[in-house]
Amino acid sequence: MSKPDIDYSRVTVVDHPVVARDLTILRDKQTPPQLFRLALRRIGIILAYHSLKALPTQEIEVETPIKKAGGHEFATNVVAVPIIRAGLGLVDAVTTFIPEAQIGHLGMYRDENTHQPVDYYSNLPSGLEKAMVLIVDPMLATGGSACDSISFVKEKGAKDIHFMCLISAPEGINRLQREHPEVPIVTAAIDDHLNEQAFIVPGLGDAGDRYFGTD
Ligand code: PRP
């Protein structure tokens, strides 16, 4: 169901039976890490497929065994930027399609009391200004981590920035669209709201803990 105050022209909510089934597996608190990882990988591939739709191409010519044929190659590099930790689970999804993609890392965790993102690590490749930069994180809750990450890659020169997440809260989408309106979002679900601890409701709990088997 569509939510008020969301600019749907800048959000793709992927609606697909295999996504719906995998989302259910991910939400289920009984799902063990080994199955959680597999479901996240499958959904990630579909989200990456949709996110990469914006990748510019240029025409080239190849020789088939029969004759010359028109084809396409990517016109820019792709830099995938997982927000550590949980975003690491979505990197494979991007490299499934773009094995040559560069991977930047942004380490960020949310302070449990203030709910503000705390940066603890960054390592980004050079040349961001010419690349399609795809920031990946399973959860978009308050939007603090996503917005800080986007600001960070902008400071490093990135211009073509995209954000891909599994589950988002309306609050996070609103904030991201307010602070970075030009950044397209691809997500598998927009959930109901955030609770007092700023957890997405119904959500799936802490994606990092569930993916890595920590608590
Ligand atoms: C989670 C999630 C996002 C962030 C979303 O990370 O993976 O990075 O919170 O919340 P926000 O939109 O309110 O910023 P977490 O802090 O649990 O760190 P982890 O990935 O290391 O578990």
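In this chain, residues are counted from 1 in sequence order. Every number for a ligand or one of its atoms is a count from 1 in the order of the listing.
- Side-chain atoms of Arg110 do not come within 3.5 Å of backbone N or O of Ser145 as any donor-acceptor pair.
- Taking every heavy atom of Arg110 and a limit of under 4.0 angstrom, the matching atoms of ligand 1 come to 10 (O), 11 (P), 13 (O), 14 (O), 16 (O).
- Proximity of a side-chain donor or acceptor of Thr12 to a complementary backbone N or O of Val14 within less than 3.5 Å is not detected.
- Annotation: His115 places no N or O atom under 3.5 Å from an N or O atom of ligand 1; distance criterion only.
- Geometric assessment of Arg85 against the ring of Tyr109 yields a negative cation-pi assignment under the 6.0 Å and 45° thresholds.
- For atom 8 (O) of ligand 1, the nearest non-hydrogen atom from the set Leu176, Asp137, Ile83, Leu140 belongs to Asp137.
- For atom 6 (O) of ligand 1, no protein non-hydrogen atom is found at a distance below 4.0 Å.
- Note on ligand 1: Ala146 sits outside its first shell, no heavy atom being nearer than 4.0 Å.
- Atoms of ligand 1 found under 4.0 Å from any heavy atom of Asp206 (numbered from 1 in listed order, with element): 17 (O), 22 (O).
- The shortest N or O to N or O distance between Tyr120 and ligand 1 is not under 3.5 Å.
- A donor-acceptor distance shorter than 3.5 angstrom exists from the side chain of Ser168 to the backbone of Ala189, with no hydrogens or angles considered.
- Not a single donor-acceptor pair under 3.5 Å links the side chain of Glu171 to the backbone N or O of Ala141.
- The existence of a salt bridge linking Asp191 and Arg27 is confirmed by a sub-4.0 Å separation between a basic side-chain nitrogen and an acidic carboxylate oxygen.
- For atom 2 (C) of ligand 1, the nearest protein heavy atom lies closer than 4.0 Å.
- Shortest contact from atom 14 (O) of ligand 1 to any protein heavy atom: Ser145 OG, 2.6 Å.
- A side-chain donor-acceptor contact under 3.5 Å links Asp160 and His162.
- Under the 3.5 Å distance criterion, the side-chain polar atoms of Thr95 are left unmatched by any main-chain donor or acceptor of Ile98.
- In terms of polar-atom proximity, defined here as any N/O pair under 3.5 Å, Asp209 makes no such contact with ligand 1.
- With His115 contributing its side chain and Thr142 its backbone, the two residues share no donor-acceptor pair below 3.5 Å.
- Between Arg41 and Thr96, the side chains place a donor N or O and an acceptor N or O closer than 3.5 Å (distance only, hydrogens not considered).
- Distances below 4.0 Å separate heavy atoms of Tyr109 from the following atoms of ligand 1: 16 (O).
- The shortest N or O to N or O distance between Gly208 and ligand 1 is not under 3.5 Å.
- In summary, the atoms of ligand 1 found under 4.0 Å from a heavy atom of Gly144, numbered by their order in the structure, are 12 (O), 14 (O).
- Within the listing of ligand 1, atoms 2 (C), 3 (C), 5 (C) sit less than 4.0 angstrom from a heavy atom of Met139.
- Contacts between Thr142 and ligand 1 below 4.0 angstrom, taking non-hydrogen atoms only, involve backbone and side chain alike.
- Summary of contacts: the protein heavy atom closest to atom 21 (O) of ligand 1 is Arg85 NE, 3.0 Å.
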